[in-house]
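Chain identifiers are assigned alphabetically (A, B, ...) following the order of the sequence lines, protein sequences preceding nucleic acid strands; residue numbering begins at 1 within each chain. Computed from a predicted model, the values in this text were never measured in an experiment.
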Protein chains: 2
Amino acid sequence: MSLKLNLDKLDLQIIQAMMEDAEISYADLGKKLFVSGGTIHVRIKKLEEQNIVKGRKLAVDLKALGYDVIAFIGIYLEKSSLYDAVAKELRSIPEIVRLNYTTGNYSMFAEIVTKDIQQLRFVLHDKLQNIKGIERTETFISLEESFSRNVVVDQ
Amino acid sequence: MSLKLNLDKLDLQIIQAMMEDAEISYADLGKKLFVSGGTIHVRIKKLEEQNIVKGRKLAVDLKALGYDVIAFIGIYLEKSSLYDAVAKELRSIPEIVRLNYTTGNYSMFAEIVTKDIQQLRFVLHDKLQNIKGIERTETFISLEESFSRNVVVDQ
DNA sequence: ATTGAAAGAGTCTCAGT
DNA sequence: ACTGAGACTCTTTCAAT
């Protein structure tokens, strides 16, 4: 893991600007930050080498593709030592798009994306509940995503 | 909102391939899918016009930037009719990166990213608890993100 | 480290099919 | 609707500072 912050103000400004607009050209970003496009290029290359910037991701409208259901699942484990084994099983379920090991009520927290409620039911009943080590789950279906955005990186 | 699927197999293949690698060139993607680079270009342009593809996002390592804490917050509202008003308040808190209106135990579900536990405490105590309409919250701090990935778009 | 310019690679447009 | 080629723009490299 890369240790923190030998990043200067310009690095942080570049990251913040590209989090807001990942498609801006180096020349334009250079103008905005009062350096040359070449400098932007060198800085980004360095940030990528250090794995601080990990490339670009396609942003898609899942609803438009028919993926209408987002659900959050709180998972109770029988023993918390089962975490790794259960995580491995959950990873093999493609509908589970994110998994976190958490403090608090639940041992783990999963996010599931499916086309409809039937598919969600199937994942919960026929896949999740059969995994050894999972005691029970609680499901929160998202009726509406109010917003989803990036952190603001302060400089 | 764009209604579903007048998308053909090629559209879905393009989306799936670019979700796996957003930086592949049109020429290379064309080779992979046995069409010309020009065709890829036209298709992606159409997908962007229809707002199915919403551009690219910068992927960054938040930990490397010093943002070490991810927490999920279940929020109980006094009355669920307060949703819009509370959502508006929550949107003005930059540490809250995602908010969903959910079924189940909680009325809403938020995700918070901060630099450390102190900042999380500050957001929870001094910001969240002062919002009118929030009855109480439950916090789940992520100790580890096992994985985070895209849906697999079936074709 | 930053710059500016030249080389290389990619996107975008369009006439032809 | 797809193709291939030309025009254009962007990324990448590099010698100079």
Side-chain angles (χ1 to χ4, degrees), chain A residues 1-66 150 153-155, chain B residues 1-66 150 153-155:
Chain A
M1 296 292 122
S2 53
L3 297 176
K4 281 168 225 172
L5 310 189
N6 28 353
L7 303 179
D8 68 6
K9 190 173 174 186
L10 180 58
D11 292 317
L12 296 171
Q13 286 176 315
I14 290 170
I15 291 169
Q16 179 61 40
M18 294 196 68
M19 281 171 95
E20 287 164 17
D21 175 9
E23 286 165 282
I24 191 172
S25 76
Y26 295 172
D28 287 349
L29 184 49
K31 266 175 222 158
K32 194 172 156 176
L33 300 178
F34 306 105
V35 293
S36 74
T39 297
I40 300 290
H41 178 243
V42 171
R43 294 300 189 107
I44 289 177
K45 222 175 100 186
K46 238 177 243 171
L47 289 167
E48 285 174 343
E49 276 162 14
Q50 297 178 269
N51 243 288
I52 293 166
V53 167
K54 299 158 125 176
R56 291 152 181 90
K57 287 261 165 255
L58 196 71
V60 299
D61 180 347
L62 289 175
K63 278 212 160 56
L65 294 176
N150 283 317
V153 174
D154 49 31
Q155 286 151 27
Chain B
M1 297 290 123
S2 53
L3 297 175
K4 281 170 227 172
L5 310 190
N6 28 353
L7 303 178
D8 67 8
K9 192 175 172 184
L10 180 58
D11 292 317
L12 295 172
Q13 285 176 315
I14 291 171
I15 290 168
Q16 179 61 41
M18 295 195 69
M19 280 171 95
E20 287 164 17
D21 176 9
E23 285 164 282
I24 191 171
S25 76
Y26 295 172
D28 287 349
L29 185 49
K31 266 175 221 158
K32 193 172 158 176
L33 300 179
F34 306 106
V35 293
S36 73
T39 297
I40 301 291
H41 179 244
V42 171
R43 294 299 189 106
I44 290 177
K45 222 175 102 185
K46 239 178 239 169
L47 290 167
E48 285 175 342
E49 276 162 14
Q50 296 177 271
N51 243 286
I52 293 166
V53 167
K54 299 158 124 176
R56 289 155 184 88
K57 286 260 166 256
L58 196 72
V60 299
D61 180 346
L62 288 176
K63 277 212 160 56
L65 294 175
N150 283 316
V153 175
D154 48 32
Q155 287 151 27

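- Per the geometry, CG belonging to L33(A) stands 16 Å off C1' belonging to dA1(C), to the nearest Å.
- Distance L29(B) CG to dC2(D) P: 13 Å, rounded to the nearest Å.
- The side chain of S36(B) sits closest to dG4(D) out of dG4(D), dT13(C), dG10(C).
- Across the protein-nucleic acid pair, I24(A) atom CD1 and dT9(D) atom P stand 17 Å apart, rounded to whole Å.
- Checked for salt-bridge contact, R56(A) and D21(B) miss the test: no charged N lies under 4.0 Å from a carboxylate O.
- Rounded to the nearest 0.5 Å, atoms CG (L47(B)) and CE (M18(B)) are 10.0 Å apart.
- Regarding contacts with the backbone of dT11(C), every side-chain N or O of K45(B) stays at 4.0 angstrom or more from both OP1 and OP2.
- At whole-Å resolution of the value, CD1 in I40(A) and P in dT3(C) are 9 Å apart.
- Across dT2(C), dT13(D), dC10(D), the shortest atom-to-atom separation from the side chain of H41(A) is found for dT13(D).
- Contact check, R43(A) against dT2(C): a side-chain N or O comes under 4.0 Å of OP1 or OP2.
- To the nearest 0.5 Å, atom OH of residue Y26(B) and atom CD1 of residue I14(B) are 9.5 Å apart.
- For L10(A), the listed nucleotide lying nearest its side chain is dT2(C); candidates were dA1(C), dC2(D), dT2(C).
- Between the CG atom of D28(A) and the P atom of dT9(D) there is a distance of 12 Å, given to the nearest Å.
- Closest approach to the Y26(B) side chain among dT13(D), dC12(C), dT2(C) is made by dC12(C) (side chain taken as heavy atoms from C-beta onward).
- Summarising the geometry, the separation between NZ on K46(B) and P on dT13(C) is reported as 14 Å, rounded to the nearest angstrom.
- Here the side chain of Q155(A) pairs no donor or acceptor atom with the backbone of K9(A) at under 3.5 angstrom.
- One atom, NZ of K9(B), and another, C1' of dA1(D), lie 18 Å apart when rounded to the nearest Å.
- Of the listed nucleotides (dC12(C), dT2(C), dT13(D)), dT2(C) has the atom at the smallest distance from the side chain of T39(A).
- With E48(A) contributing its side chain and V53(A) its backbone, the two residues share no donor-acceptor pair below 3.5 Å.
- The residue V35(A) sits close only to the backbone: its heavy atoms come under 4.0 Å of sugar-phosphate atoms, none of a base.
- Between the CD atom of E23(B) and the C1' atom of dA9(C) there is a distance of 14 Å, rounded to whole Å.
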